[in-house]
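Comments concern the structure below.
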Amino acid sequence: MDLALLRTFVTVHRAGSFTRAAALLGLSQPAVTSQIRTLERQLGRPLFLRKARGVTPTTIGDELAHRAAPHLDALIEITETGLDEESGVRTLHLAGPPEFTSMRALPALAPLVGRGLALRSSFFTGAEEALEGLAAGHHDLAIATARPRGGLLSATPLCDEEHVLVAAARWAGRLGPGTLRHKGPVVLDQLPVVEVHESLPLVSRYWASVFESRPAVAGAVIVPDLRAVLECAAAGAGLAVLPRYLCERALERGEVVALLDPPVPPLRTYFLAVRTGTLALPHIARAHEWLLRAATDW
C-alpha cells in the first residue's frame, strides 16, 4: 500500500475535512479527494461519509486510522525530523505562551536533555496560533489556554493558573484599608493599568470574575510580556493582574502587594495538546508525561 495514500488518509481522518487536510499537506483539495478515492478502491470499502461540513470516518476508516496512524507517525518522524544515529538525539518542538513556557515548561523538561532529548521552543501569546502550528506539524506539543476542537488534536488539562491583582505598595497605601472591599471597581477604575494588550484581557477577566462587571479603565502601559508587566507594576506604573507563579517572589519581597484576596480567585486553565496519535512516539510521550507529572506541583 502506498504510504503517501496512507498519510493523506490519516490527515483527513484527523482533520475531519478534505479542505483542512489539503492545507495541512500542501496539496489541492482535488488531489486529496483523488488519493482517498484511490485508497478506497484498493481496499474495496468506503473510508469516509461525505457531509455538508467535512467528512465522518466509517467503521473501517476508524479501524484503519487506529492501526496505521502510530506507525505512520513514527516513519514520518524518522524521515522528516530525523534521528541522529550518531548521537541518538531526538528533537522535541514545543509551543506555548512565552512566560509560562519559559518559567514552567522548559525548566521541567530540562532533565530530559541529559537523556537524549533536544528542545526547540516557539512562543505564542494566543492559543489559536500555537494550536494551528501544532495541527500543521510545526510543533510536537503545544501549551494553550483553550481546548482544541475536532479530532485532529487531543488535549489534557495541565494546570490551573491563579490570577492576582497587584500593585506597588504605595498604591495600596493610597487606597486605604477596606476601601477595595467596599467600593471595588469604582476605586480601581480610577487607577492606571499595566497590561499586555489594549483590550486588557487579564484585567477584564479579573473584573468579570470578582466584580461581575467590565473595567472602565484604559491601559497606561502596554507591554507584550507579563514579566515586563510585573516590572512596571513594581516600579509604580499602576495596577496589574498577573499569574501567581510569576509574581510570587515579588509578593514575598514586598516589591508588589496583592490588592485583594477574593474568596474564589480567578483561574485560567492550561491544556497540553498533541496531534492525535503522536503519543505513540517515545520522545513525545516522555515529554508529555514529564510535563503532566511536573504540573502536579504548579
Side-chain angles (χ1 to χ4, degrees), residues 10-11 14-17 19-26 73 76-77 80-81 90-110 112 117-163 195-202 204-205 222-229 241-243 245-246 267-281 283-295 298:
V10 169
T11 304
R14 290 171 171 171
S17 161
T19 302
R20 177 64 172 162
L24 293 174
L25 292 166
D73 287 333
I76 292 172
E77 173 74 9
E80 292 190 353
T81 58
R90 282 187 179 274
T91 301
L92 180 86
H93 296 267
L94 175 67
E99 305 87 3
F100 187 88
T101 305
S102 299
M103 300 177 68
R104 291 294 203 198
L106 290 175
L109 292 174
L112 293 180
L117 184 72
L119 287 172
R120 301 291 183 270
S121 61
S122 300
F123 295 155
F124 300 95
T125 54
E128 183 177 351
E129 191 175 3
L131 293 175
E132 286 181 353
L134 177 65
H138 301 316
H139 322 302
D140 301 311
L141 292 174
I143 298 169
T145 54
R147 185 189 291 272
R149 298 179 179 179
L152 179 61
L153 304 177
S154 60
T156 305
L158 183 62
C159 65
D160 289 329
E161 172 186 88
E162 178 188 345
H163 285 180
E195 256 278 18
V196 293
H197 192 270
E198 296 286 357
S199 63
L200 310 182
L202 298 177
S204 296
R205 188 181 296 113
I222 303 296
V223 287
D225 189 292
L226 289 175
R227 290 162 292 195
V229 170
V241 174
L242 291 168
Y245 78 84
L246 190 146
L267 300 175
R268 180 169 61 175
T269 301
Y270 283 102
F271 297 92
L272 183 58
V274 298
R275 289 188 304 283
T276 302
T278 57
L279 288 179
L281 301 174
H283 71 298
I284 296 179
R286 188 180 303 114
H288 187 272
E289 178 185 359
W290 207 272
L291 284 173
L292 290 178
R293 188 185 307 154
W298 293 345

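The structure presented is a predicted model; accordingly, all values stated were derived computationally and were not measured. We number each residue from 1, following the sequence as shown. These values consider heavy atoms only, across backbone and side chains, with no hydrogens, waters or symmetry-generated copies.
- The ring-ring contact (aromatic ring centres under 6.0 Å, His included) search around F124 returns H139, not counting sequence neighbours.
- L112 and A287 get closest at one heavy-atom pair: CD1-CA, 3.9 Å.
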Quick one, V274 with H288, criterion side chain to side chain contact (heavy atoms under 4.5 Å, CB included). Give me CA distance, side-chain angles, the key distance, then yes/no. CA-CA 9 Å; V274 298; H288 187 272; 3.8 Å; yes
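- Distance alone, capped at 3.5 Å, places no donor-acceptor pair between the R268 side chain and the T145 backbone.
- Annotation for P157 and R147: closest pair CG-NH2, 3.7 Å, computed over non-hydrogen atoms.
- With contacts defined as side-chain heavy-atom distances shorter than 4.5 Å, the pair V196/V223 does not qualify.
- Scanning all heavy atoms of the two residues, the minimum distance from L242 to V229 falls at CD2-CG1, 3.7 Å.
- The side-chain heavy atoms of L226 and P243, taken from C-beta on, include a pair separated by under 4.5 Å.
- With hydrogens and angles left out, the side-chain atoms of E195 and H197 include no donor and acceptor closer than 3.5 Å.
- In this structure, the separation between CG on L279 and OG1 on T156 is 7.5 Å, given to the nearest 0.5 Å.
- W298 and C159 get closest at one heavy-atom pair: CE3-SG, 4.0 Å.
- Under the salt bridge (Lys or Arg N to Asp or Glu O under 4.0 Å) criterion, E289 pairs with R293, not counting sequence neighbours.
- Atom CD of E162 has more than 12 neighbouring heavy atoms from other residues, nucleotides or ligands inside a 6.0 Å radius.
- Qualifying ring-ring contact (aromatic ring centres under 6.0 Å, His included) partners for Y270, counting only residues two or more places apart in sequence or in other chains: F100.
- At a threshold of 4.5 Å between non-hydrogen side-chain atoms, the residues E99 and L246 count as touching.
- Here the CG-CG distance, from L119 to L94, works out to 7.5 Å after rounding to the nearest 0.5 Å.
- The two residues A142 and L131 come nearest to each other via the heavy atoms CB-CD2, 4.4 Å.
- Counting heavy atoms from C-beta outward, L281 and D140 have side chains that stay 4.5 Å or more apart.
- From R275, atom CZ reaches atom CD1 of I284 across 6.0 Å, with rounding to the nearest 0.5 Å.
- With rounding to the nearest 0.5 Å, the separation of CZ in R14 from OG1 in T278 is 6.5 Å.
- The shortest non-hydrogen separation linking T91 to R120 is CG2-CG, 3.6 Å.
- Here the CG atom belonging to L92 is positioned 13.5 Å from the CH2 atom belonging to W290, to the nearest 0.5 angstrom.
- Rounding to the nearest 0.5 Å gives a distance of 11.0 Å between OG of S122 and CG of L134.
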